[in-house]
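Report on the following structure.
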Amino acid sequence: MHAPHEGGVITRSTDIEPTLAEVLGELRALDEPRIRTVNERHGDDHGVNLTKLRAMAKRLRTQPELSSALWATGDTAARLLALLICRPKAFGAAELDAMVREADRPKVHDWFVNYVAKKSAHAEELRTSWMNDPAAGVAAAGWALTSDRVVKRPDDLDLAALLDIIEAEMATAPPRVQWAMNTCLATIGIERPECRSRAIDIGKRLRVLEDYPTSPGCTSPYAPVWIAEIVRRREG
């Protein structure tokens, strides 16, 4: 038997797993109009505080079947929760390819790449195929995985070729792809001293995100400034 709800949170007297309907009900109870208004400015159509969402995921723990059901709803908050309670290494390459094409909200896309795709045994296979995909969200995911490779396993990457592509294509790339390519450019400049001067030069000549508004205390995404600031922190 279910224990009474407290403020919309599911509490139980047994170890019976909550149903999809119960979880969706809790997500609806957590939705706050103020948060939704802020998120909608950034393309995310949900109003759930992410700290509360993470606490909910911690309570639910890993539940692949529930995760799959949540993802299938298409609801943004449900999909964010799904990504936190899934088993990343259980997905096949085709499943991940389908998911990245469905991840049409910025936060869902970001969490999918960072919490699922990066942990997959198929990450390298998908990285190389996604980078050249005509869908901007898919290509952006490929470039995000490439940035991760630059940090973790750069030795067998052709960094010069990557810089060639960035130099030739970043200025005219779609916004999502441009952002991901710029992140890769900055990552190469930060992580690989032998490529730093060229990365900074490319950034200065293309001037991508040079005028991007940056809050006080935050680092500009403009690659020459970003590279210089992170290198200064590390060496200082």
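In this chain, numbering begins with 1 at the start of the sequence shown.
For the atom pair CD1 (I202) and OG (S197), the distance works out to 9.5 Å, reported to the nearest 0.5 Å. Summarising the geometry, atom CG belonging to N182 is positioned 9.0 Å from atom CG belonging to L206; distances are rounded to the nearest 0.5 Å. Note that the CD1 atom of I166 and the CG atom of L159 stand 9.5 Å from one another [nearest 0.5 Å]. Distance CD/E125 to CH2/W130: 9.5 Å, rounded to 0.5 Å. Rounding to the nearest 0.5 Å places CZ of R105 at 11.0 Å from CG of N39. Note that NE2 of H42 and CG of D45 are 13.5 Å apart. Values are rounded to the nearest 0.5 Å.
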**Request:** Check the pair I227 / I190 against side-chain contact (heavy atoms from CB on, under 4.5 Å), numbers first and verdict last.
**Result:** CA-CA 5 Å; I227 294 167; I190 292 165; 4.1 Å; yes

**Request:** Give the intermediate values and the outcome of side-chain contact (heavy atoms from CB on, under 4.5 Å) for residues L185 and E167.
**Result:** CA-CA 9 Å; L185 174 66; E167 185 172 20; over 6 Å; no

**Request:** Under the side-chain contact (heavy atoms from CB on, under 4.5 Å) rule, what do V108 and E102 come out as? Steps first, then yes or no, please.
**Result:** CA-CA 9 Å; V108 173; E102 296 171 351; over 6 Å; no

**Item:** Working for side-chain contact (heavy atoms from CB on, under 4.5 Å), residues L50 and K107
**Value:** CA-CA 10 Å; L50 295 182; K107 185 60 70 175; 4.1 Å; yes

**Item:** Candidate pair D148 and R127, rule salt bridge (Lys or Arg N to Asp or Glu O under 4.0 Å), full reasoning
**Value:** CA-CA 10 Å; D148 190 56; R127 179 188 76 81; over 6 Å; no

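Under the side-chain contact (heavy atoms from CB on, under 4.5 Å) criterion, R232 pairs with E229, sequence neighbours left out. W111 meets the ring-ring contact (aromatic ring centres under 6.0 Å, His included) test with Y115; sequence neighbours excluded. Residues meeting the side-chain contact (heavy atoms from CB on, under 4.5 Å) test with S220, sequence neighbours left out: T214, Y222, V225. For the side-chain contact (heavy atoms from CB on, under 4.5 Å) test, residues two or more places apart in sequence or in another chain that qualify with R41 are T37, V38.
Between the side chain of S68 and the backbone N or O of P64 there is no donor-acceptor pair closer than 3.5 Å. For E32 (side chain) and G47 (main-chain N/O), no donor-acceptor pair under 3.5 Å exists by modelled atom type. Using modelled atom types, one side-chain atom of H109 and one backbone atom of G137 make a donor-acceptor pair closer than 3.5 Å. Counting only distance, with no hydrogens or angles, the side chain of D110 and the backbone of P106 share no donor-acceptor pair below 3.5 Å.
The two atoms that bring M181 and I165 nearest to each other are CE-O, 3.9 Å, heavy atoms only. Scanning all heavy atoms of the two residues, the minimum distance from A144 to A180 falls at N-CB, 4.5 Å. Between C86 and T62 the shortest heavy-atom distance is O-CG2, 3.8 Å. The minimum heavy-atom distance linking S147 with T187 is given by the pair O-CG2, 3.7 Å. A pairwise comparison of heavy atoms in G74 and R79 identifies CA-NE, 3.6 Å as the closest pair. R192 and P154 make their closest contact through NH1-CG, 3.5 Å (heavy atoms, listed as atom of the first residue, atom of the second, distance).
L145 and F91 fall within a single hydrophobic cluster, where Ile, Leu, Val, Met, Phe, Trp and Tyr side chains are chained together by heavy-atom contacts under 4.5 Å. V100 and V177 fall into different hydrophobic clusters, where Ile, Leu, Val, Met, Phe, Trp and Tyr are joined by side-chain heavy atoms under 4.5 Å apart, directly or via other members. Connection of L66 to F112 is established within a shared hydrophobic cluster, with ILVMFWY side chains joined at heavy-atom distances below 4.5 Å, either directly or through further cluster members. Hydrophobic clustering, with ILVMFWY side chains joined whenever heavy atoms are under 4.5 angstrom apart, keeps L27 apart from I35. With hydrophobic clusters built from ILVMFWY side chains whose heavy atoms lie under 4.5 angstrom apart, L80 shares a cluster with W71.
Contact annotation: the side chain of Q178 never approaches that of P175 to less than 4.5 Å [non-hydrogen atoms, C-beta and beyond]. Residues L53 and H46 form no side-chain contact, since every pair of their non-hydrogen atoms from C-beta on lies 4.5 Å or further apart. Side-chain contact between V48 and M56 is absent, with no heavy-atom pair separated by less than 4.5 Å. D75 places none of its side-chain heavy atoms less than 4.5 Å from the side chain of R28.
Checking D31, D44, T76 one by one against R36, the side chain to side chain donor-acceptor pair (under 3.5 Å) holds for a single residue, D31.
More than 12 heavy atoms of other residues, nucleotides or ligands sit less than 6.0 Å from atom CZ of R54. Environment of CD in E65: sparse, with no more than 12 heavy atoms of neighbouring residues, nucleotides or ligands closer than 6.0 Å. Around the CZ atom of R233, the shell of radius 6.0 Å holds more than 12 heavy atoms that belong to other residues, nucleotides or ligands.
Evaluation of the salt bridge (Lys or Arg N to Asp or Glu O under 4.0 Å) test over residues 209-218, restricted to residues two or more places apart or in two chains, returns R207-E210. Legend: salt bridge (Lys or Arg N to Asp or Glu O under 4.0 Å) pairs involving residues 168-191, not counting sequence neighbours, sorted by first then second residue: E191-R234.
Ring centroids of W226 and Y212 are separated by 6.0 Å or more, keeping the two rings apart.
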